[in-house]
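Taking it in order: structure first as C-alpha cells, then the write-up.
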Amino acid sequence: MRLFIFALCAIFARTVTAAAKDTGYAFPENFKFGVATASYQIEGAWNEHGKGPNVWDTLTHRIPPFTDDASTGDIACDAYHKTVQDVQILKSMGVNFYRFSLSWSRLLPRGFSNYVNPEGVQYYNDLINELLANDITPIVTIFHWDTPQNLEELGGWPNPKMADFFVDYARVVFDAFGDRVKEWLTFNEPNQICQQGYATGGMAPAHNTKEMGGYWCTHTVLIAHGRAYRMYQEEFKSKQGGRVGITIDNQWNEPLTNSTEDKEAAERANIMNFGWYANAIFSKNGDYPSILRERVDQFSEEEGFTRSRLPYFTQEEIEMIRGSHDFFGLNHYTSRVVTNDDGDQGRPSHEHDVGTRGEIDPKWEPSAADWLYVVPWGLRKTLEWIKENYDNPEVIITENGYADKHDAPLRDCERVKYYNLYLEEVLKAIHESNCNVTAYTAWSFMDNFEWQRGYTQRYGLYHVDFEDPERPRTPKMSAHVFANIIKTKRIDWDFTPKEFEKCEWVQIEVKSEL
Ligand code: GBH
C-alpha cells in the first residue's frame, strides 16, 4: 500500500518544476559546515573488543527479521576499522566539523558505569585525536538510539531510573573525552526514541504501548538531559569549557487551508509534537506546553485513567530543565499540511491527543523514503518558529538530508537539488528573518544502516558498497557540490543544472577534487 501511494506521488511530482532561486546571499564568515553519522548506523564490530549488546543488535538479530532487507548493523560501514581512512575523506571534503555518536554499550557493556571498556574508550580516543589532527571539530552525540540491552530489560526509557544511568554514562564520557570534545549533544531526537521506540514500535526496542510509553519515555529523557547538562556545568564546565545541547527533530506543520480551524490545528501540531520536547528546555516558563497538559489531562480523565497519561514535573525539575542548553540542535527533513481531526484516531493515543491529521501536498516531490518529501520552505518556517517561541536561541542544524534508492546513481541530482534548495532557505532565514543559525550538518557523511529500512535507502554524500567486504566509499556528485559550498560559503547554482528535471542526462562538470 505504502509503495503504491509512493508510486502515484512520484508520477505526479515528475510534472512539477522546482523553484530553484539564487538569492545571492552568502553564509556568514564564521558559519560552520559538517556531516553526521550515528554509531549503530556505521560502526559495525557489534561484538568486538568487549562491546555489549544494545537494543538494535537484539532487534536486528530477531527472527523473523525486523528490517526490510533482513539486514543488521553487524558490519554496516565497518567504520570501527576505518578511522584513519574516514577522517581523510572528511578532510578532503573540507568539513569544519564531524558529528558522530558514541555507542553506550561499547563504552559500558552492561550500561552501568561500574565497568568502562578500555577498548571502547580507545576507539573514540583514536577517532577524536585523528579528527583534531586534521583540524576537524568533533561534535559528539552521547545517545543516538542504541540503548544497552541490559538497561532495556530493566524497562528502558519509560523507567525513571534511566535518568540515573544516563547521567552516570554522560559523566564517564565527559571525563574521558571532554578535554578534547567541546560540543556535546545529549540526545538525538527524543521524539523518535520515545514515539517510535515505545508508542508505535517503528524503532528499537519496538514496543507498541500506544498512549503510554511515549509520554513516560519523554519525561525520563527530558529529566536525563537536564541533569546531564547541570552535571556538566558543576563538574566539567570550568575546566573543559565546552557546550552542551540537545537535538530535537520536527516535521513542519503548515495549515492545509487558510481557515482558522486549520491554522489552529497546524500550530497545535507544532506545539504538541515539537514543543512537547523543546518547551521544557527552551521556553521562558519551562514545563510542557500548556495545551499539551490541558488536552492530555482532560482526555485521560474522560478515558477513565486514574491519573494523566502525561506525567508531571516537580517545580524543582521544571527549574532544573529550563534553560539547560547552550544551543538548539535541530534535525529537519520534511513537512506536512495539517487539518483538524476530531475523529477517534485510535483513542486513547497521542494522535487523538493532538487531534490533527497531516497530509502530503501532491505538488511536493517525493524521495525514496515514504515520509520524506522535498519541502524546502518548511525549514525556514521551523527556524522562524524556534526564533519566535524560544527567544532566538543559537541553532545548529544537526541533520538535514535526502533519501534515494539502493541503486541510485552516483550522479545524485535529486540530492544535490535538495541540499541547494534547503540551504537557500537557511540563507533566507539568516539574512531576511535574522534567525541565529550558526552551523549546518548534512545527513549523512556516507550511506549507512537506515534503521528499519536496512540498506534499501541511501542518505550519504559518499556511496558505500555494502556488497564489498572492504566497504569502499565513493564520492557522489552531492559530495562535490557540498565541498564546493563549504569552500565558497555560497550555493553555486552554476555548478548544478539549472533545469533539474533534465538532471539525469545533463553532464556535470566536477570542479572540486575529492
Ligand atoms: C533521522 O531521523 C535520524 O536521526 C537518523 O538516524 C536517520 O538515519 C535519518 O533521520 C534518516 O531517516 O515511517 O512514517 O513512521 C529522522 C526523523 C522521523 C525519520 C520518523 C523516520 C519515520 C516516520 N525520522 N520517520 S514513519
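Whatever order the structure lists ligands and atoms in, that order sets their numbers, starting from 1.
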For Tyr277 and Asn250, indicate whether the former's side chain and the latter's backbone hold a donor-acceptor pair under 3.5 Å. no

Show the protein residues that qualify under the rule heavy atom under 4.0 Å from an atom of ligand 1, listing them in chain and number order. Gln41, His144, Trp145, Asn188, Glu189, Gln192, Gln196, Asn331, Tyr333, Trp371, Glu399, Trp443, Glu450, Trp451, Tyr459

Mind checking whether Phe166 and Phe187 have ring centres under 6.0 Å apart? yes

What salt bridge (charged side-chain N to carboxylate O under 4.0 Å, His left out) pairs are there with at least one residue in residues 454-472, not counting sequence neighbours? Asp447-Arg458

Could you tell me which residues satisfy disulfide (SG to SG under 2.5 Å) with Cys217, sequence neighbours excluded, listed by chain and number? Cys194

So which of Asn273, Thr356, Asn340 actually passes side chain to side chain donor-acceptor pair (under 3.5 Å) with Arg268? Asn340

Summary of salt bridge (charged side-chain N to carboxylate O under 4.0 Å, His left out) pairs that have at least one residue in residues 327-342, sequence neighbours excluded: Asp341-Arg357

